[in-house]
Number of protein chains: 2
Amino acid sequence: MPCGGNWRSQIGRSVIVLYADSEVSYDGRAVSRAGRAWRLIIIKPDGTLLIHTDQGYQPMNWQPPGSRISVTETSDGKLIIYSTRQRPREVIRVVVYGIEWACWGMPSEGAFRLTGTHEDVKEWIVRNIQRIIPGGRVISVEYEIPGHGIADILAEDASGRKIVIEVKRQCADLHAVSQLRRYADALNAGGILVAPCFTSGARRLAREYGFQLVTLDPSDLSPGTAGAN
Amino acid sequence: MPCGGNWRSQIGRSVIVLYADSEVSYDGRAVSRAGRAWRLIIIKPDGTLLIHTDQGYQPMNWQPPGSRISVTETSDGKLIIYSTRQRPREVIRVVVYGIEWACWGMPSEGAFRLTGTHEDVKEWIVRNIQRIIPGGRVISVEYEIPGHGIADILAEDASGRKIVIEVKRQCADLHAVSQLRRYADALNAGGILVAPCFTSGARRLAREYGFQLVTLDPSDLSPGTAGAN
DNA sequence: CGTGCCAGGTGCCTT
DNA sequence: AAGGCACTTGGCACG
């Protein structure tokens, strides 16, 4: 059974899960200190370190892939787990007072496919530009505007006027409108914001800036509908 | 030893960790399908579900706190784990073909303190506004501009001209400049961007918009220095 | 509950 | 490596 005391031999080879009584300190872009408590510690072979509590999606502390981990033992028998990352320089130090159980395994992602992403929506629009700009055409995708960022789609309408299209897969907010403005201003172009929904503020601001809103839900990517708004 | 076959009795009471041969499907804001493979499954009492592979900070699939979990058994002995979330409606379905080990425990966050945050930087600036705007004063913090968002700090310089200060704890980018512009435009005010560093694009754009840059590192919050730029 | 915005954001891709 | 940006972003605070 892959649970036992020799988990240290699995470092770099398996995903190790420890249930440990521990203190955690983090020093890097920010600083954190966590007093002694039982926590879930996950060590992945790619250098990822995750320290989870009883609640929440996010770990209490972590270290990303590529970090270097080491485990040492103090003279009085306590374990100390170090995880170090360069650029930015960040260190996690876990003092382990006790381990109730330690298990490991070699999980994998397996075949994995994710759909309904921003990329999918963008591709749909390129193929169905007529539904967004009747009589228009796509000039470029991921169009870089030097010093101003990268526009999702650059198109032109029937009259030849340039139009920047900014695509969001979730409700568009003020940030999305500001982003679109940055592109449209730089190109002296019109702007269309495509999203499944819009916050009230986004609607106001888009109106103020003269941008058009188009409602398009990622789940409606079929030959379906795109309702102008 | 808290590892064994009766982990299902711990649902809602402990954090459960399964090492399982499984298929995972996710349907919600996006859609994902993951073929059969060994994966690490974590079930927290707050409804959080995390499915981890051998690499990366992020789980392959997940469900946030507040989700409802249930485990059923098919006629041929396979387990199926359902996790459902409303608003947005999202469902994860895990078909479990086998479990190599199942362990649990009741971790906690314990005493935890994080410093060096955005809030810390903002407070430092309010206390040391003279270092940012010599002769100026703070008018308001978290100043809401209706329909345009919330400015970090609204101040005025020695001549009484309004200045919006946008604070970043990491390198400021185009997004930060756009955000500042949204505020400054709405108030017809000047703008100062405070950050530990700036991307090349952010420098260009800030110059174009007439914003001032001030370099301030979160780790130098002592009575230290704030270098205008 | 929606709106807005930070996060030690992370991850992906392109120059 | 730096820059730009999406993410099933998650999480928080406020009206």
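When reading the values below, keep in mind they use all heavy atoms of this one structure, side chains included, and skip hydrogens, waters and symmetry mates.
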#### Entry: A:Arg182 backbone acceptor or donor facing B:Arg181 side chain under 3.5 Å
no
### Query
Under the 5.5 Å and 30° test, is B:Tyr57 stacked on the base of C:dT10?
no
### Task
Have a look at A:Glu166 and say if it touches a base, only the backbone sugar-phosphate, or nothing, with a 4.0 Å heavy-atom cut-off.
sugar-phosphate
### Task
In whole angstrom, give me the gap between the P atoms of C:dG4 and C:dG8.
22 Å
### Query
Taking NZ, NE, NH1 and NH2 as the nitrogens, is one of them in A:Glu142 or A:Lys122 under 4.0 Å from a carboxylate oxygen of the other?
yes
### Message
Taking only the P atom of each, what is the distance from D:dT8 to D:dG4 in whole angstrom?
### Response
23 Å
#### Entry: N or O in side chain of A:Thr117 less than 4.0 angstrom from D:dA6 OP1/OP2
no
### Heavy-atom donor-acceptor pair, A:Asp152 side chain to A:Val167 backbone, under 3.5 Å
yes
### Query
D:dA6 phosphate, OP1 or OP2: any side-chain N/O from A:Gln179 under 4.0 angstrom?
yes
### Task
Nearest whole angstrom, please: distance from the C1' of C:dG8 to the CZ of A:Arg33.
13 Å
### Query
Base, sugar-phosphate, or nothing for A:Pro65, non-hydrogen atoms under 4.0 angstrom?
sugar-phosphate
#### Entry: Interatomic distance, B:Met60 CE vs D:dC7 C1' [rounded to whole Å]
17 Å
### Query
Given C:dT3, C:dT10, D:dG3, which nucleotide is nearest the side-chain atoms of B:Ser200?
D:dG3
### Message
Under 4.0 Å, heavy atoms only, any strand: does A:Gly149 hit a base, just the sugar-phosphate, or nothing?
### Response
sugar-phosphate
### Message
Over all strands shown, is B:Arg182 touching base, sugar-phosphate only, or nothing at heavy-atom distances under 4.0 angstrom?
### Response
sugar-phosphate
### Message
Students often get this wrong, so: under 4.0 angstrom with heavy atoms, is A:Gly28 touching a base, only sugar-phosphate, or nothing?
### Response
nothing
### Summary
Assign each of B:Arg204 and B:Pro64 the nucleotide of DNA chain D bearing its closest heavy atom; nearer the 5' end lies the nucleotide of B:Arg204
### Query
Heavy atoms under 4.0 Å, any strand shown: does A:Tyr183 hit a base, just sugar-phosphate, or nothing?
sugar-phosphate
### Task
Establish, with yes or no, whether the OP1 or OP2 oxygen of C:dG9 is under 4.0 angstrom from a side-chain nitrogen or oxygen of A:Trp62.
no
### Task
Name the orientation class of the two ring planes belonging to A:His52 and B:His52 (parallel below 30°, tilted from 30 to 60°, perpendicular beyond 60°).
perpendicular
### Task
Mind checking B:Ser32 for me? I need base, sugar-phosphate or nothing, with any heavy atom below 4.0 Å counting as a touch.
nothing
### Task
Mind checking B:Gln170 for me? I need base, sugar-phosphate or nothing, with any heavy atom below 4.0 Å counting as a touch.
sugar-phosphate
### N-O pairing of A:Arg169 and A:Asp217 below 4.0 Å
no
### Query
A:His118 NE2 to C:dG11 C1': how many Å, rounded?
15 Å
### Message
Heavy atoms from C-beta onward define the side chain here; which of C:dT10, D:dA6, C:dG4 lies closest to that of B:Ile150?
### Response
C:dG4
### Task
Before accepting this row, confirm whether a basic side-chain N of the pair B:Glu156/B:Lys162 lies closer than 4.0 Å to the acidic partner's carboxylate O.
no
### Query
To the nearest angstrom, how far is A:Leu114 atom CG from C:dG11 atom P?
15 Å
### base_contact_polar (C:dG8 base, A:Gln63 side chain, donor-acceptor, <3.5 Å)
yes
### Task
Test side-chain contact (heavy atoms from CB on, under 4.5 Å) on A:Trp38 and B:Met106 and set out the steps.
CA-CA 7 Å; A:Trp38 287 91; B:Met106 193 51 217; over 6 Å; no
### Query
Quick one: does A:Glu90 reach the base of C:dG8 with a side-chain donor-acceptor pair under 3.5 Å?
yes
### Query
In whole angstrom, what separates A:Arg29's CZ from C:dA7's C1'?
9 Å
### Query
What integer distance in Å separates A:Glu142:CD from D:dG3:P?
19 Å
### For atom CG of B:Asp173 and atom P of C:dA7, their distance in whole Å
13 Å
### Query
Of all the nucleotides listed (C:dT10, D:dT8, C:dA7), which has the minimum atom distance to the side chain of B:Arg169?
C:dA7
### Query
Which part of the nucleic acid does B:Phe112 contact within heavy-atom distance under 4.0 Å: base, sugar-phosphate only, or nothing?
nothing
#### Entry: Integer-rounded Å distance: D:dA2 C1' and A:Arg87 CZ
11 Å
### Task
Assign B:Gly56 to base, sugar-phosphate, or nothing according to its heavy-atom contacts below 4.0 angstrom with the strands shown.
sugar-phosphate
### Query
A:Asn61 or A:Ala172: which one's nearest nucleotide on DNA chain C is closer to the 5' end?
A:Ala172
